[in-house]
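Both ligands and their constituent atoms are indexed starting at 1 by order of listing. All values reported here derive from a predicted model rather than from experimental measurement. Because only heavy atoms are used, hydrogens play no part in the values below, and waters and symmetry mates are left out as well, while side chains stay in.
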Amino acid sequence: MKIGGRHYRSLWWSGDKDCLEIIDQRWLPHDFRVAELRSLDDYATAITEMWVRGAPLIGATAAYGIAAVMRGDASDAALSAAYDRLHATRPTAINLRWALDRIQAALVPLPVPNRAGAALQLAHEIADEDVEINRRIGEHGLTLIREIAARKPAGEPVRLLTHCNAGWIATVDWGTATSPMYHAHDAGIPLHVWVDETRPRNQGALTAWELGSHGVPNSYITDNAGGHLMQHGLVDMVIVGTDRTTRTGDVCNKIGTYLKALAAHDNGVPFYVALPSPTIDWRVSDGVSEIPIEIRNPREVTHIQGTGADGIAEIRVTPEASEARNDAFDVTPARLVTGLITERGICPASEAGLSGLFPDMAG
Ligand SMILES: CSC[C@H]1O[C@H](OP(=O)(O)O)[C@H](O)[C@@H]1O
């Protein structure tokens with residue numbers, strides 16, 4: 001992703017500073033700030049407080065967190081403590097466990113003196129793999145957008161709707177749901193993206209910011225508008241990301257995704273999910289009953305962050321005494337999902353579909 005003409009990943013290891021540098025998403029879209037993560041506390045705070053967010057990016061950050069700890073203490077005890085601390089940061093995105101399990105399995109058999117170097121190398125590999133996975137998701141998703149474009153008069157934009165930010169800034173690069181958008185835009189296909197604001201944290205503003213930075217036309221809409229736009233024939237396809245998808249194709253994603261899927265189903269609008277394979281949880285079959293849903297601080301609901309004459313500020317939107325509940329994710333049953341766009345191709349949201357593409361992982 002280019003910002004001001006310079007290519008950035010969402011995070012990168014700085015050999016000079018001997019730390020991980022991240023784009024600190026707390027201040028986006030109003031301010032572009034880079035933060036440095038050094039200690040285990042830094043990494044845990046960055047994930048918990050959403051300095052970095054998005055399932056794939058959380059996983060990559062955790063891998064670098066283990067690598068950072070190994071540079072100081074590569075003992076079994078330190079590895080185990082770091083795993084537990086990072087695993088406890090956020091419960092829903094499966095990429096966190098996937099990355100921690102992968103790096104722990106690689107390090108445990110190694111002699112302690114070899115672990116720091118191996119951990120950093122594996123963290124780099126996880127980050128690089130994410131970029132390639134998302135690039136391929138973009139290529140496969142592009143075929144769907146091309147098919148829609150072919151049915152339209154020349155020059156008429158393909159209208160996509162997306163929820164939350166499953167974009168470049170939710171991954172190391174490209175994004176998942178946004179990757180097909182970038183590929184289609186770069187291929188010259190006219191697009192218009194309806195971007196759900198995505199209360200309570202308004203991650204849609206991140207999507208609007210990154211799409212705008214790449215020149216992709218988009219409109220920021222309220223979460224409640226999507227169904228209405230579909231009823232009026234203004235949405236050709238919905239494409240969202242996921243934080244954890246079951247082996248049967250149930251899709252856990254940002255709160256509100258389920259409602260969009262219901263509206264899409266009711267209006268015959270294709271509903272696709274961009275799904276990197278590290279986001280598949282092969283251990284669970286029923287998403288609604290088995291996926292842990294993160295309950296976040298109600299303050300994220302009662303207050304909203306924005307910018308104005310005095311810079312970035314947070315204001316209360318509810319009465320002082322109001323209580324709030326902040327479930328951060330919901331689960332869309334596979335029956336409402338038209339298809340899953342993976343790095344290996346597009347498949348139905350079903351156990352047969354996923355195991356057909358990933359026989360080496362399905363077990
Ligand atoms: C490419 S996965 C992005 C996924 O993660 C987001 O959740 P959060 O912002 O809380 O980390 C959202 O569910 C996105 O779809």
Item to check | Pairs satisfying side-chain hydrogen bond (donor to acceptor under 3.5 Å, both in side chains), at least one member in residues 353-363, at least two apart | outcome: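 Counting only pairs at least two positions apart or across chains, the side-chain hydrogen bond (donor to acceptor under 3.5 Å, both in side chains) contacts touching residues 353-363 are Arg344-Asp360.
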
Item to check | Pairs touching residues 188-220 that satisfy ring-ring contact (aromatic ring centres under 6.0 Å, His included), sequence neighbours left out | outcome: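 Of all non-adjacent pairs touching residues 188-220, those that pass ring-ring contact (aromatic ring centres under 6.0 Å, His included) are Trp168-Trp209, Tyr182-His214, His185-His214, His192-Trp194.
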
Checklist entry - Do Asn134 side-chain atoms and Asp173 backbone N/O form a donor-acceptor pair below 3.5 Å? => result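 Yes; at least one donor-acceptor contact below 3.5 Å.
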
Next on the checklist: Looking only at the side chains, is there a donor atom on one of Asn165 and Thr207 sitting less than 3.5 Å from an acceptor on the other?
Outcome noted: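 Indeed, the side chains of Asn165 and Thr207 share at least one donor-acceptor pair under 3.5 Å.
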
Side-chain donor/acceptor pairs under 3.5 Å, residues 264-274, sequence neighbours excluded:
unit_1, atom_1, unit_2, atom_2, d
Asn267, ND2, Ala263, O, 2.7

Tabulation required: pairs of a nitrogen or oxygen in ligand 1 and a protein nitrogen or oxygen under 3.5 Å; columns are atom names and distance to 0.1 Å; otherwise 'none'.
unit_1, atom_1, unit_2, atom_2, d
ligand 1, 5 (O), Asp243, OD1, 3.4
ligand 1, 5 (O), Asp243, OD2, 2.9
ligand 1, 9 (O), Arg53, NE, 2.7
ligand 1, 9 (O), Arg53, NH2, 3.3
ligand 1, 9 (O), Gln203, NE2, 2.9
ligand 1, 10 (O), Arg90, NH2, 2.7
ligand 1, 10 (O), Lys254, NZ, 2.6
ligand 1, 11 (O), Gly54, N, 2.8
ligand 1, 11 (O), Arg90, NH1, 3.0
ligand 1, 13 (O), Asp243, OD1, 2.5
ligand 1, 13 (O), Asn253, OD1, 3.2
ligand 1, 13 (O), Lys254, N, 3.1
ligand 1, 15 (O), Asn253, OD1, 2.5

Checklist entry - Do Asp196 and Lys260 sit within salt-bridge range, that is, some charged N less than 4.0 Å from a carboxylate O? => result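 Yes.
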
